[in-house]
Visitor: 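The structure under discussion is supplied below as structure tokens; questions concerning it will follow.
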2 protein chains.
Amino acid sequence: MEAAYFDGKKMIFDPNYPDPGPDESLIRVSLAGICGTDLEILDGYMQYEGILGHEFVGVVEKSQNKNLIGKRVVGEINAGCMICDSCKRGMERHCPNRTVLGILKRNGAFAQFLSLPEKNLHIIPDSVSDEQAVFIEPLAAAFEIKEQINLQSDWKIAVVGDGRLAQLICQVLKLFCHNITCFGHHQKKLEMLESFGIDTKTSIDKSHFQIFDLVVEATGSNSGFSDTMKLVKPRGTVILKSTIASKENLDLTPTIVNEITLVGSRCGLFKPAIDSLASGVISVNYMVDSVFPLENFSEAFEHAKKAGVLKVFLKP
Amino acid sequence: MEAAYFDGKKMIFDPNYPDPGPDESLIRVSLAGICGTDLEILDGYMQYEGILGHEFVGVVEKSQNKNLIGKRVVGEINAGCMICDSCKRGMERHCPNRTVLGILKRNGAFAQFLSLPEKNLHIIPDSVSDEQAVFIEPLAAAFEIKEQINLQSDWKIAVVGDGRLAQLICQVLKLFCHNITCFGHHQKKLEMLESFGIDTKTSIDKSHFQIFDLVVEATGSNSGFSDTMKLVKPRGTVILKSTIASKENLDLTPTIVNEITLVGSRCGLFKPAIDSLASGVISVNYMVDSVFPLENFSEAFEHAKKAGVLKVFLKP
């Protein structure tokens with residue numbers, strides 16, 4: 001099959017990459033999305049080697065479950081061992097032996113075919129387009145905040161960052177809370193959020209210090225973390241939604257002095273994400289930037305890295 | 001009055017330091033304790049200049065409240081402005097304009113006299129000795145964990161560190177939870193904890209990885225934080241009890257990948273600490289190391305820094 005794989009140093013397009021094995025459901029990939037995590041993996045994050053890509057929609061070609069064959073599906077990206085304590089408690093996402101699609105010991109979606117356990121697959125309603133379906137994985141990650149925190153509708157909430165994931169987080173939080181402010185740098189991205197009733201700011205000043213009950217860090221940068229700690233109230237809550245690549249100059253002192261609760265947040269359940277797209281309460285069409293053929297992955301990645309660009313797709 | 005003050009570079013004994021002003025209750029200090037925070041301040045933490053010391057017991061000499069005069073007291077160390085939102089909600093400990101005894105814009109307890117607002121003072125029952133009373137401030141900080149977290153009696157809990165604060169934390173947690181393991185380096189300190197029914201380990205091996213529901217970081221070191229993140233279960237909780245002085249090599253990635261909740265924890269309420277000493281459920285006598293006259297502060301500090309030494313007192 002055709003696939004774009006990462007050999008630990010660079011990405012390579014291979015028209016004759018081996019097909020996935022027969023043990024799991026086989027999915028023909030219709031469309032895949034480039035995510036910030038893919039860009040981080042190319043910089044060495046997770047020390048992953050193999051086919052990248054974890055945001056996708058496709059059609060099931062082979063499966064033990066005959067009801068899935070021919071169906072349009074998305075897939076949860078964590079596959080647990082199903083025998084450890086975490087898996088037994090339904091927490092496959094935290095299985096110590098897990099594999100993760102395109103991220104950890106499991107080939108991903110930048111290919112003609114991928115395989116996943118049958119239980120990871122979700123059939124997509126007809127009302128959700130292929131382009132929209134690719135957003136289900138990051139949208140589930142945004143909904144994960146609601147699973148972890150008892151959101152109060154009257155909270156003052158800040159989201160730091162205005163990129164792909166931050167856009168989804170702002171929209172999801174707006175379903176449950178009125179008062180949301182996004183701190184970003186890109187005028188066009190912030191304008192979209194304004195149209196959803198979200199306040200936006202391009203810089204932080206002293207009037208914003210320590211006034212937010214909840215702050216979501218969605219930049220993955222040290223400066224984003226530092227801004228986050230300025231915004232949150234004493235005894236407030238911070239959601240860490242992006243892995244922070246640098247280990248230098250991270251100051252945890254305000255966490256202790258101001259008794260802040262920091263909550264790490266990763267993948268989420270797919271069901272609320274699928275339902276929200278099917279019902280139309282979450283908008284993603286404005287985030288579609290462009291579709292590149294898989295063999296032009298290099299051009300696609302360069303484009304996805306540009307400031308202001310939202311979602312870039314690869315089509316096998 | 002006699003006082004030992006820090007001029008930003010070194011501590012100085014002054015036999016003629018000005019007495020505290022007349023606006024607050026005046027307390028003659030009977031005994032004061034040296035705390036890890038004092039040692040950090042001498043290394044530049046908080047950029048504090050003035051009289052150090054925030055753990056004390058004393059006798060009220062002057063007060064608007066005549067019932068306090070002549071009484072033996074301890075004092076909560078944070079004094080709020082009483083007009084801001086935090087203070088109005090009873091959170092003076094998080095008042096942005098607060099002063100903190102011997103730590104922030106308020107002279108401390110390494111002196112013959114100190115002053116505090118009347119509402120900060122707590123009369124000590126006769127059954128609590130002066131030496132025991134000095135432990136009330138750090139013991140309140142240990143009880144603060146109970147205020148912040150809904151402790152489950154069947155949780156597997158680890159405490160990283162075996163110093164002064166870690167000893168109190170282990171004992172407090174043992175009041176509510178059965179299964180507590182302390183990871184430390186000092187055989188004598190660990191033996192004391194064993195006598196309270198706490199498991200102890202002198203090193204971490206793979207069998208301890210990701211098995212604890214709650215881990216309390218009580219070392220304030222990068223290596224302590226790194227150990228803490230190894231011990232805690234996915235989706236578990238970490239209490240950050242000591243300010244981590246270094247900003248280098250702090251890795252928050254496991255927080256996000258394993259969806260850990262980090263809770264910063266500082267000062268606590270005095271009442272449960274006083275009650276626990278009065279009723280005898282918490283033991284502190286074994287932690288008393290030595291008492292130095294105030295003018296010998298330099299010798300006392302050198303002694304307090306030594307590995308294996310627990311509580312060192314100064315007597316004005």
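Here is how names work: the chains are called A, B, and so on, in the same order as the sequence lines, proteins then strands, and each is numbered from 1. Model, not experiment: these values are computed from the prediction.
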Visitor: Within this structure, what is the CD-OG1 distance for the pair Glu40(B) and Thr253(A), rounded to the nearest 0.5 Å?
Guide: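 Output value for this atom pair is 8.5 Å.
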
Visitor: Could you tell me whether a side-chain N or O of Arg266(B) sits under 3.5 Å from a main-chain N or O of Val257(A), the two making a donor and an acceptor?
Guide: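 Checked: pair present.
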
Visitor: Tell me the closest heavy-atom pair linking Pro234(A) and Met91(B), and the distance in Å.
Guide: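 For Pro234(A) and Met91(B), the tightest heavy-atom pair comes out as O-CE, 4.1 Å.
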
Visitor: Using non-hydrogen atoms only, which part of Tyr45(A) is less than 4.5 Å away from chain B: side chain, backbone, both, or neither?
Guide: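 Looking at Tyr45(A), just its side chain touches chain B.
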
Visitor: Rounded to the nearest 0.5 Å, how far does CD1 of Ile256(A) lie from CD of Glu217(B)?
Guide: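 The CD1 atom of Ile256(A) is 7.5 Å from CD of Glu217(B), to the nearest 0.5 Å.
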
Visitor: Taking atom CD of Glu259(B) and atom SG of Cys267(A), what is their separation to the nearest 0.5 Å?
Guide: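 One finds 7.5 Å between CD of Glu259(B) and SG of Cys267(A).
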
Visitor: Contact part of Leu240(B) toward chain A, heavy-atom cut-off under 4.5 Å: side chain, backbone, both or neither?
Guide: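 Both parts, backbone and side chain.
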
Visitor: Phe225(B) versus chain A, heavy atoms under 4.5 Å apart: side chain, backbone, both or neither?
Guide: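 Only the side chain of Phe225(B) comes within 4.5 Å of chain A.
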
Visitor: Report the C-alpha distance between Arg235(A) and Glu147(B) in whole Å, list the side-chain angles of each, state the deciding distance to 0.1 Å, and finish with yes or no for salt bridge (charged side-chain N to carboxylate O under 4.0 Å, His left out).
Guide: CA-CA 12 Å; Arg235(A) 292 233 170 151; Glu147(B) 298 296 311; over 6 Å; no

Visitor: Only pairs of heavy atoms separated by less than 4.5 Å count here; which of Lys241(B), Glu144(B), Arg93(B) has the most with chain A?
Guide: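 Maximum pair count with chain A is reached by Glu144(B).
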
Visitor: Could you grab the distance from atom CG of Asp85(B) to atom CD1 of Ile211(A), nearest 0.5 Å is fine?
Guide: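 Asp85(B) CG to Ile211(A) CD1: 11.0 Å, rounded to 0.5 Å.
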
Visitor: Using a cut-off of under 4.5 Å for heavy-atom pairs, which of Val263(B), Thr237(B), Ile239(B) has the most such pairs with chain A?
Guide: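 Highest number of pairs under 4.5 Å: Val263(B).
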
